Participant: 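Quick one: the structure is below, and I'll ask about it shortly.
Keep in mind that what you see is a predicted model, and the values were worked out from it rather than measured. Within every chain, numbering begins at 1; the chains are lettered A, B, ... in the order of the sequence lines, protein sequences first and strands thereafter.
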Amino acid sequence: MSTSDVRVRFPPSPTGYLHIGGARTAIYNWLFARKHGGKMVLRIEDTDADRSTEDSIRGIIDGLEWLGLDWDEGPYFQSAYAAEHAAAAERLLAQGNAYKCFCSKEELEARREAAVKARADYRYAGTCRDLSPEEVASREAAGAPYVIRFKVPRGEGGVAFKDLVYGGIERSYNDIEDFVVVRSNGQPLYLLCNVVDDIRDRITHVIRGQDGLTNTPRQILLYRALDVEPPTFAHMPLTLDLNKAKISKRSHGEVVAVQFYREQGFIPWALVNFLVLLGWSPGDDREIFSPEELIEAFSLEGINKANSIFNYRKDDPKFFTDPKAININAHYLRTMPVAQLAELVKPVLEREGIWDAAYEGKKRQWFERTLEMTRERFHTLKDFATLGRAWFADDFTIDDKARQKNLLKHPQLMEWLPELADRLEALPIITPEEAERVARELAETHGVKPGIPVNGARAVITGQIKGPSMFEVFAHLDRDTVIRRLRQAPEYF
RNA sequence: GUCCCCAUCGUCUAGUCAGGUCCAGGACACCGGCCUUUCACGCCGGCAACACCGGUUCAAAUCCGGUUGGGGACGCCA
């Protein structure tokens, strides 16, 4: 097989949002396709009609697009191929690979419950497996509803396959029950639809979560019955929470949704970079990858077999998601080309109503310099509009700690700060050097350490307790703004 | 309960397939120091793991068996 024959698929069911676990599956598929010059197919598994609305589909696609994961074909919709699914079921029936089962749902459920109660193993007993054609015909004629079950081989032997992550997997026939492929209402089930779709889409590699591992032997049986060579399988470990439970929106909330990261000011690629590391490693110490580097480094062999844990603590005051994710995002924030960062900050400021069109015009340089000065201590794009608000707008609020520690502690600042304003105003042009000189002179005049007036100025000018060198700030910010905010200092006391 | 899978620092992981170079390396988080007008960045240092028991071997995180623990599947969901 030439490498360009690789075809993978990402088949989400529409849920209205992209789950980070799903995103991780998409990422691995995408990387594998890109690495081998293959194609990725997006297929929406919308057979469950009540869950599939236009909005719920949109949510998935939005998430993928935001992450920058592109696909080569699709989106295809599973529901569009109902006729093919039904035809496959007919074929299985005609070939004797499947049979009609008239057992009632209630009856089966009762048996299952009894088995659970008796702590026994439950499996369909095969009651209808050997019904005579006459019997089948008469029940059908009587209008008895039936499902179609796959006829799993009986006796010795089993299904074996080589998983690209887990290695050899084997399951004996005896452990596989005659599973249902078509509902009593005539609708084929996922197991069959999925196989039929993968055959039609000529999928060569199925890369999916480990929760699909037990489906694989049954699906291989389906491939065989349909006389098609099964694809290669690669199952990836799951992502769990700190209690080793599956992460879900129901129990963990928005943190599991990709959209949440967009709202929180994540850089899309940073999230991809974080997610790919959750269960995969290049085999060396690298952790930060450009898309090209990641495609180059990626391989299914690097996927870990053990489940990984998404290190998220609900209500953690310091980290709103896995600390490593935030760290990686912060890394990109402070190292990416500033022009590129500007593109990402723009919508954030726009949303807050503090964007100035001149930032793309004559204030472009000033804007980019501002980003450079502030990004060192920010973690998300949102920080530019919150912690960094004073750089772009007058409606910032002063941090309480900054007010307590750098202002109220030194009541004389009520006079010193306006005095600093006077001294700065007297300068023909405020340079960092000149600003430092006048600030130090002022401190000396009053016999205090320079840090006192300087940090007081930081509080009233930036609203923060921390930030870049204030001498740089005096010179960088609009002269009138600096002087005005210093003169307003007494208002904070 | 049955079947399948897994097991290295708090978390993500390297090392396991080809046993010795590993009294186990990196990253995040945490703690300390340096730098500094502040904080961050950066740099330096610290804390911290081979689940347990047995076997094979001159030698085991690495191979084998068992135990324990965890996860997944067991739907007329996808």
Side-chain angles (χ1 to χ4, degrees), chain A residues 11-15 45-48 51 78 101 103-105 108-109 112 115-123 145-149 163 165-167 169-172 174-177 179-185 187 189-191 193-194 209-217 235 237-238 240 242 244-246 274 277-288 301 304-312 318-319 322-328 330 334 374-379 402 405-406 436 439-440 443 449-455 457-459 462 464-471:
Chain A
S13 46
T15 48
E45 310 240 302
D46 59 345
T47 342
D48 190 349
R51 275 205 295 205
Q78 188 165 65
C101 168
C103 297
S104 80
K105 217 177 195 171
L108 259 21
E109 253 157 42
R112 186 177 304 123
V116 169
K117 221 189 238 168
R119 310 192 122 214
D121 179 22
Y122 173 78
R123 214 167 301 139
Y146 61 84
V147 298
I148 299 176
R149 287 183 184 273
D163 187 278
V165 173
Y166 286 97
I169 305 279
E170 212 175 325
R171 193 133 185 240
S172 67
N174 292 329
D175 292 324
I176 308 174
E177 71 170 359
F179 54 94
V180 177
V181 291
V182 180
R183 289 184 179 96
S184 54
N185 68 5
Q187 278 191 352
L189 257 4
Y190 162 81
L191 226 43
C193 298
N194 197 246
Q210 198 233 69
D211 47 355
L213 194 58
T214 48
N215 285 333
T216 307
H235 290 88
L238 271 19
L240 311 175
L242 283 162
K244 305 263 174 84
K246 242 172 143 172
F274 165 72
L277 255 18
L278 220 51
W280 173 84
S281 139
D284 54 40
D285 289 340
R286 285 177 297 162
E287 296 203 315
I288 299 294
E301 287 70 39
N304 219 46
K305 291 183 191 172
N307 292 336
S308 54
I309 290 169
F310 177 60
N311 192 10
Y312 158 71
K318 208 168 165 196
F319 303 103
D322 190 314
K324 190 141 189 170
I326 295 175
N327 176 275
I328 289 174
R334 61 176 183 262
T374 51
R375 67 172 171 177
E376 284 294 293
R377 59 223 97 209
F378 290 167
H379 297 107
K405 196 177 163 196
N406 290 338
E436 177 161 8
R440 286 189 186 281
K449 285 189 290 190
I452 292 175
V454 167
N455 288 318
R458 183 189 309 286
T462 71
Q464 296 292 303
I465 196 166
K466 53 189 186 177
S469 160
M470 272 316 284
F471 307 129

Participant: Please name the pair of heavy atoms, one in A:Pro450 and one in A:Arg440, separated by the smallest distance, quoted to 0.1 Å.
Facilitator: CG-NH1, 3.4 Å
Participant: I need the CG-P distance between A:Asn307 and B:G72, as an integer number of Å.
Facilitator: 8 Å
Participant: Checking the side chain of A:Arg458 only, and the main-chain atoms of A:Pro468 only, is there a donor and an acceptor separated by less than 3.5 Å?
Facilitator: yes
Participant: Might you list the N or O atoms of the protein lying below 3.5 Å from N or O atoms in nucleotides 39-42 of chain B, with each pair's distance?
Facilitator:
unit_1 : atom_1 : unit_2   : atom_2 : d
B:C39  : O2     : A:Arg377 : NH1    : 2.4
B:C39  : O2     : A:Gly467 : N      : 3.4
B:C39  : N3     : A:Arg377 : NH1    : 2.8
B:A40  : O2'    : A:Glu376 : O      : 2.8
B:C41  : O2'    : A:Glu376 : OE1    : 3.0

Participant: Return the CG to CG distance between A:Leu240 and A:Asn311, rounded to the nearest 0.5 Å.
Facilitator: 12.5 Å
Participant: Under 4.0 Å, counting only non-hydrogen atoms across every strand here, what does A:Gly212 touch: a base, just sugar-phosphate, or nothing?
Facilitator: nothing
Participant: Does A:Gln78 reach a base, just sugar-phosphate, or nothing at all? Heavy atoms under 4.0 Å.
Facilitator: sugar-phosphate
Participant: Would you compute the distance between atom NZ of A:Lys305 and atom CG of A:Asp163 and round it to the nearest 0.5 angstrom?
Facilitator: 9.5 Å
Participant: So A:Leu240, base contact, sugar-phosphate only, or nothing? Heavy-atom distance under 4.0 Å.
Facilitator: sugar-phosphate
Participant: Would you confirm whether A:Arg123, through its side chain, and A:Asn174, through its main-chain N or O, come within 3.5 Å as a donor-acceptor pair?
Facilitator: yes
Participant: Quick one: which of B:G72, B:U37, B:A78 gets closest to the side chain of A:Arg458?
Facilitator: B:U37
Participant: At their closest point, which heavy atom of A:Val165 faces which heavy atom of A:Asn304, and how far apart are they?
Facilitator: CG1-O, 4.2 Å
Participant: Mind checking the P distance from B:C52 to B:U68? Whole angstroms is fine.
Facilitator: 16 Å
Participant: When the C1' atoms of B:G19 and B:U56 are considered, how many whole Å apart are they?
Facilitator: 11 Å
Participant: Looking across every strand, which nucleic acid part, if any, lies under 4.0 Å from A:Lys246 by heavy atom: base, sugar-phosphate, or nothing?
Facilitator: sugar-phosphate
Participant: Could you measure the distance from the CG atom of A:Leu213 to the CG atom of A:Leu238? Nearest 0.5 Å is fine.
Facilitator: 10.5 Å
Participant: Using the P atom as the reference point in each nucleotide, state the distance between B:G70 and B:C9 in Å, no decimals.
Facilitator: 16 Å
Participant: Can a donor-acceptor pair under 3.5 Å be found between the side-chain atoms of A:Glu287 and the base atoms of B:G26?
Facilitator: yes
Participant: How many Å lie between NZ on A:Lys244 and C1' on B:G70, as a whole number?
Facilitator: 5 Å
Participant: Going by purine N1 to pyrimidine N3 plus the second Watson-Crick contact, or the G-U wobble pair, all under 3.5 Å, which nucleotide sits opposite B:C63?
Facilitator: B:G55
Participant: With a non-hydrogen cut-off below 4.0 angstrom, is A:Ser172 in contact with a base, only sugar-phosphate, or nothing?
Facilitator: nothing
Participant: On RNA chain B, does the nearest nucleotide to A:Phe310 precede the nearest nucleotide to A:Tyr146 from the 5' side, or the other way round? Give the residue.
Facilitator: A:Phe310
Participant: Given B:A78, B:C12, B:G72, which nucleotide is nearest the side-chain atoms of A:Ser308?
Facilitator: B:C12
Participant: Work out which heavy atom in A:Ala306 is nearest to a heavy atom in A:Pro237; give both atom names and the distance.
Facilitator: O-CB, 3.3 Å
Participant: Using the C1' atom as the point on both nucleotides, what is the distance between B:A24 and B:U8, in whole Å?
Facilitator: 8 Å
Participant: Considering every strand shown, what is the Watson-Crick or G-U wobble mate of B:G32 when both distances are under 3.5 Å?
Facilitator: B:C44
Participant: Give the rounded distance in Å between these two atoms: CD of A:Glu109 and C1' of B:C77.
Facilitator: 13 Å
Participant: Roughly, in whole Å, what's the span from CZ in A:Arg183 to P in B:A78?
Facilitator: 5 Å
Participant: Under 4.0 Å, counting only non-hydrogen atoms across every strand here, what does A:Val180 touch: a base, just sugar-phosphate, or nothing?
Facilitator: sugar-phosphate
Participant: Over all heavy atoms of both residues, which pair between A:Phe471 and A:Ala439 is shortest? Give the atoms and the distance, please.
Facilitator: CE2-CB, 3.9 Å
Participant: Can you check the distance between B:U62 and B:U21, where both ends of the measurement are the C1' atom (answer in whole Å)?
Facilitator: 14 Å
Participant: For A:Leu277 versus A:Glu287, what's the shortest heavy-atom pair and its separation?
Facilitator: CD2-O, 3.5 Å
Participant: When the nearest nucleotide of RNA chain B is assigned to A:Val454 and to A:Gly279 on a heavy-atom basis, which residue is associated with the more 5' position?
Facilitator: A:Gly279
Participant: Check the interface with nucleotides 2-4 of chain B: list each N/O to N/O pair with the protein under 3.5 Å, or write none.
Facilitator:
unit_1 : atom_1 : unit_2   : atom_2 : d
B:C3   : O2'    : A:Arg171 : NE     : 3.2

Participant: Tell me the interatomic distance from A:Arg112, atom CZ, to B:G75, atom P, rounded to whole angstroms.
Facilitator: 5 Å
Participant: Across all strands shown, which nucleotide pairs with B:C39 by Watson-Crick or G-U wobble geometry, both distances under 3.5 Å?
Facilitator: none
Participant: From the list B:G71, B:U38, B:U11, which nucleotide is the closest neighbour of the side chain of A:Ser469?
Facilitator: B:U38
Participant: Got a second to check how far A:Gln210's CD is from A:His235's NE2, nearest 0.5 Å?
Facilitator: 8.5 Å
Participant: Do A:Glu109 and A:Lys105 meet the salt-bridge criterion of a basic N to acidic O distance under 4.0 Å?
Facilitator: no
Participant: Whole angstrom is fine here: how far is it from OH in A:Tyr190 over to C1' in B:A73?
Facilitator: 13 Å
Participant: Atom OH of A:Tyr166 to atom C1' of B:G71: distance rounded to whole Å?
Facilitator: 9 Å
Participant: So, are A:Lys324 and A:Asp322 salt-bridged, with charged N and O less than 4.0 Å apart?
Facilitator: no
Participant: Remember a base hit wins even if backbone is also touched, and classify A:Ser281 as base, sugar-phosphate or nothing at under 4.0 Å, heavy atoms.
Facilitator: sugar-phosphate
Participant: Please report the distance separating the P of B:A14 from the corresponding atom of B:C31, rounded so that it comes out in whole Å.
Facilitator: 27 Å
Participant: Would you measure the distance from the C1' atom in B:G45 across to the matching atom in B:C50 and give it in whole Å?
Facilitator: 25 Å
Participant: Give the minimum heavy-atom separation between A:Gly279 and A:Ser308, together with the two atoms involved.
Facilitator: N-OG, 4.2 Å
Participant: Let me confirm one number: the NE2-CG distance from A:His379 to A:Asn327, rounded to the nearest 0.5 Å.
Facilitator: 7.5 Å
Participant: B:A14 phosphate, OP1 or OP2: any side-chain N/O from A:Asn304 under 4.0 angstrom?
Facilitator: yes
Participant: Expressed as a whole number of angstroms, how long is the span from A:Lys105:NZ to B:C77:P?
Facilitator: 6 Å
Participant: With the criterion being N/O to N/O and under 3.5 Å, what pairs connect the protein with nucleotides 29-36 of chain B, and how long is each?
Facilitator:
unit_1 : atom_1 : unit_2   : atom_2 : d
B:C30  : OP1    : A:Lys318 : NZ     : 2.2

Participant: Under 3.5 Å for both donor-acceptor distances, Watson-Crick or wobble: does B:G1 have a partner, and if so which one?
Facilitator: B:C74
Participant: Can you tell me how far C1' in B:C47 sits from the matching atom in B:G32, rounded to whole Å?
Facilitator: 10 Å
